Amino acid sequence: MAPKPLWSCTVLLAALCAVTASELQIPLLSQQEPLEPVNSPAKPLIDTDKLQANINIENLVSRAKDLYNIAKLSEPEFGHPTRVIGSEGHSATLEYIYSALQDLGGYYTLSKQPFPAVMGKIYESRLVIGHEVPESASPMSLTPPTANKEPVYGHLALVANQGCDTSDYPAKVAGSIAFILRGTCSFGAKSELAGRAGAVAAVVYNHDSGDLSGTLESPTPEHVATFGLSGKDADPIVQRLKEGEVVDSIAYIDSEVKQIKTTNIIAQTIGGDPDNCVMLGGHSDSVSEGPGINDDGSGSLTLLEVATQLTNFSVNNCVRFAWWAGEEEGLLGSDYYVEVLPQEENLKIRLFMDYDMMGSPNFAYQVYNATNAINPVGSEQLRDLYIDWYAKQGLNYTFIPFDGRSDYDAFIRDGIPGGGIATGAEGIKTEEEEVMFGGKAGEWYDPCYHQLCDDIGNVNSTAWLANTKLVAHSVATFAVSFEGFPERSNTTALAASKQQRKYHGRHLII
């Protein structure tokens, strides 16, 4: 077994300075020009060891302090630090990243890509079934409110099958609260069908005993206020309904779903073959509940530091960095980027690397288990690059599912090889992983995941530094050569795009 890495969680100090948000200017990537000629022949060709040597924890910590101070700009509106899209904190985050890239002497072509984003906020909710308030009841993300943001009353109406067809909704659903089994189709589809059938609200219950929370995804006028419910709470209710008992219910959701504009930031090297690009990304936003210094401040700042240090070198292949907005709302920025990307530009991206949560306090070194069998060919070769680097450093690693929970999703579904690394979110560290990585078994990898305490003390310096060096290695490797890496083609067969996915970002969708 490889040596256990040093376990130390550096407590990052208080934020130093504020960064002011400014109005974003929005040039198209094709229209944006470099600030000045760069990539002088005097610069040496990128070398992975030298690039890694330039990475230090002090720079990363300094940037984390800046980012926390930026998150505090949202306090007047939210009452606490956050960088959620639409907030002052997020606007200032975008300005911070863009300004830092502008200061790099024109090494990159810079672009801001605006796009429409849907965000939702739930202020209050309550579900009463009979005389009970089920503990597991949870409003779906992006659910509309109940009518007039007031409680609605109705009998529970058991929907046939899994509620994925109009014929599954009997006439008695009208004016009632639809009770729908999870499965086959998305939560959004179930809510829409219930709304079309005249339901005043809907409850989607789990097919096993566990809790159920998810998202309705893209809002439609037919969506109704929708809750998720555990199978444990639902089973006795289903039995009563099947026996013909009338079960009264009250549903109440006060929520807001609105469309805003937000922005992706793209930086591409002036030098290097523009027809053979290595691309990498992290997300610039946090959840509304906290400042998001690990999720994904650690990833977005890793990208910024690698982009900064890369300017000391020349490259053979172009390198394209992306800071996605709206990841926490459902991978909105990366989805939009890929959706509007012309096919000829798609084919110039040889691979995409996703870097989300690089320094979880109770970390494990996690590698997405991206295989060529069900992903674009080349994904497995990228996976093996990460494995080889960890092995050469004497560090353990573990595989995690490549299941659509981060910004690689749109890329692999559009034929672009992908992969990435992480350090863990709300998952539970095993006893075996405690031996492999240190930390504490039985607890979340990030105990502050999506919480207010995801602040400047919530990043493990050992993991963050190691993974930033690995990101630098991945960039340096492909910036020099794609020799031995599979070629792209417009006939790429993609099994992943044909598979039904359970997640889109952090949310269950089915």
Side-chain angles (χ1 to χ4, degrees), residues 1-5 46-49 51-53 55 60 277-282 294 296 298-303 305-306 309-310 317 319-322 349-360 363-409 411-412 416-425 427 433 436-437 445 460 462-486 496:
M1 182 179 68
K4 183 168 68 176
I46 182 67
D47 175 87
T48 183
D49 292 332
L51 183 61
Q52 291 180 63
I55 304 298
L60 294 170
C277 280
V278 50
M279 188 169 185
L280 61 160
N294 185 40
D296 182 34
S298 61
S300 56
L301 295 179
T302 284
L303 262 65
E305 184 62 18
V306 172
Q309 299 304 330
L310 184 61
N317 298 313
V319 182
R320 186 180 302 170
F321 295 84
I349 302 172
R350 296 293 300 275
L351 78 166
F352 175 75
M353 303 180 292
D354 183 69
Y355 297 122
D356 191 353
M357 301 183 68
M358 296 291 97
S360 298
F363 73 88
Y365 291 123
Q366 299 177 336
V367 179
Y368 288 121
N369 192 18
T371 64
N372 289 341
I374 59 172
N375 296 290
V377 175
S379 300
E380 192 167 322
Q381 284 82 350
L382 175 58
R383 181 200 68 177
D384 292 345
L385 176 142
Y386 299 132
I387 292 171
D388 291 344
W389 188 89
Y390 282 130
K392 287 178 182 178
Q393 310 308 310
L395 298 173
N396 294 307
Y397 63 89
T398 187
F399 289 130
I400 54 173
F402 201 44
D403 58 3
R405 289 196 63 177
S406 197
D407 285 306
Y408 57 79
D409 186 63
F411 287 86
I412 62 172
I416 299 170
I421 56 173
T423 52
E433 288 174 332
M436 295 170 68
F437 306 108
Y445 300 107
N460 184 285
T462 299
W464 196 11
L465 179 60
N467 279 333
T468 303
K469 287 179 178 286
L470 176 48
V471 173
H473 173 64
S474 68
V475 169
T477 299
F478 296 114
V480 171
S481 175
F482 282 108
E483 183 178 356
F485 196 83

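Residues: numbered from 1 along the sequence shown. Source: prediction; values computed, not measured. Any value given below was found using the heavy atoms of this structure, including those in side chains, with hydrogens, waters and symmetry copies removed.
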Inset, instruction - Report yes if the side chains of T371 and N375 come closer than 4.5 Å at any heavy-atom pair, otherwise no. - result: yes
Legend entry - Side-chain (T477) to main-chain (S474) donor-acceptor, under 3.5 angstrom: no
Inset, instruction - For this output row, return yes or no: ring centroids of Y390 and Y386 closer than 6.0 angstrom. - result: no
Inset, instruction - For residues W464 and L301, determine if any side-chain heavy atom of one lies less than 4.5 Å from a side-chain heavy atom of the other. - result: yes
Legend entry - Flag, side chain of N396 to backbone of M436, donor-acceptor distance under 3.5 Å: yes
Legend entry - Aromatic ring pairing Y368/F402, orientation class (parallel under 30°, perpendicular over 60°, tilted between): tilted
Legend entry - Sequence neighbours excluded, every pair satisfying salt bridge (Lys or Arg N to Asp or Glu O under 4.0 Å) that has a member inside residues 366-383: E380-R383
Inset, instruction - Using side chain to side chain contact (heavy atoms under 4.5 Å, CB included) as the criterion, list what pairs up with D407, not counting sequence neighbours. - result: H283, W324, E327, L331, S334, D354
Inset, instruction - Examine distances only and state if a side-chain atom of S481 and a backbone atom of E483 form a donor-acceptor pair shorter than 3.5 Å. - result: yes
Legend entry - Sole residue of L385, L280, I421 in side-chain contact (heavy atoms from CB on, under 4.5 Å) with M353: L280
Inset, instruction - Please work out which of the three classes, parallel, tilted or perpendicular, describes the rings of Y365 and F437, given edges at 30° and 60°. - result: perpendicular
Legend entry - Separation between CD of Q393 and CG of L470, rounded to the nearest 0.5 Å: 8.5 Å
Legend entry - Donor-acceptor pair, side chain of T398 and main chain of Q366, under 3.5 angstrom: no
Legend entry - Set of residues satisfying ring-ring contact (aromatic ring centres under 6.0 Å, His included) with respect to Y355, sequence neighbours excluded: none
Inset, instruction - Apply side-chain contact (heavy atoms from CB on, under 4.5 Å) to E433 and Y445, showing your working. - result: CA-CA 10 Å; E433 288 174 332; Y445 300 107; 2.6 Å; yes
Inset, instruction - Test L395 against W389 for side-chain contact (heavy atoms from CB on, under 4.5 Å), laying out the working first. - result: CA-CA 9 Å; L395 298 173; W389 188 89; 4.2 Å; yes
Inset, instruction - Work out which heavy atom in S379 is nearest to a heavy atom in N372; give both atom names and the distance. - result: N-OD1, 3.3 Å
Inset, instruction - Kindly give the heavy-atom pair with the smallest separation between C277 and R320, and that separation in Å. - result: SG-NH2, 3.8 Å
Legend entry - Derivation of the side-chain contact (heavy atoms from CB on, under 4.5 Å) call for N317 and V480: CA-CA 6 Å; N317 298 313; V480 171; over 6 Å; no
Inset, instruction - Measure the spacing between OG1 of T423 and CE of M358 and express it to the nearest 0.5 Å. - result: 6.0 Å
Inset, instruction - Supply the atom-to-atom distance H473 NE2 to D388 CG, rounded to the nearest 0.5 angstrom. - result: 7.5 Å
Inset, instruction - Please name the pair of heavy atoms, one in G404 and one in D409, separated by the smallest distance, quoted to 0.1 Å. - result: CA-OD1, 3.4 Å
Legend entry - Minimum heavy-atom distance S360-N460, with the two atoms named: O-CB, 3.5 Å
Inset, instruction - Please lay out, stage by stage, how V278 and F352 fare under the test side-chain contact (heavy atoms from CB on, under 4.5 Å). - result: CA-CA 7 Å; V278 50; F352 175 75; over 6 Å; no
Inset, instruction - State, yes or no, whether a side-chain contact exists between V367 and I400 at a heavy-atom distance under 4.5 Å. - result: no
Legend entry - 4.5 Å side-chain heavy-atom contact, I387 and F399: yes
Inset, instruction - May I ask you to test the Q381-D384 pair for a side-chain heavy-atom distance under 4.5 Å? - result: no
Inset, instruction - Measure the shortest side-chain to side-chain distance between R350 and F485 over non-hydrogen atoms and say whether it is less than 4.5 angstrom. - result: yes
Inset, instruction - Please examine the side chains of L465 and N467, heavy atoms only from C-beta on, and report whether any two atoms are closer than 4.5 Å. - result: no
Inset, instruction - Give the minimum heavy-atom separation between L382 and G418, together with the two atoms involved. - result: CD2-C, 3.7 Å
Legend entry - Beyond-backbone contact of V377 with P417, side-chain heavy atoms, under 4.5 angstrom: no
Legend entry - S298 and N294 side chains, donor-acceptor separation under 3.5 Å: yes
Legend entry - Distance (rounded to the nearest 0.5 Å) between T302 OG1 and D356 CG: 11.0 Å
Inset, instruction - Taking all non-hydrogen atoms of both residues into account, name the closest pair between A322 and M279 and its distance. - result: CB-CE, 3.8 Å
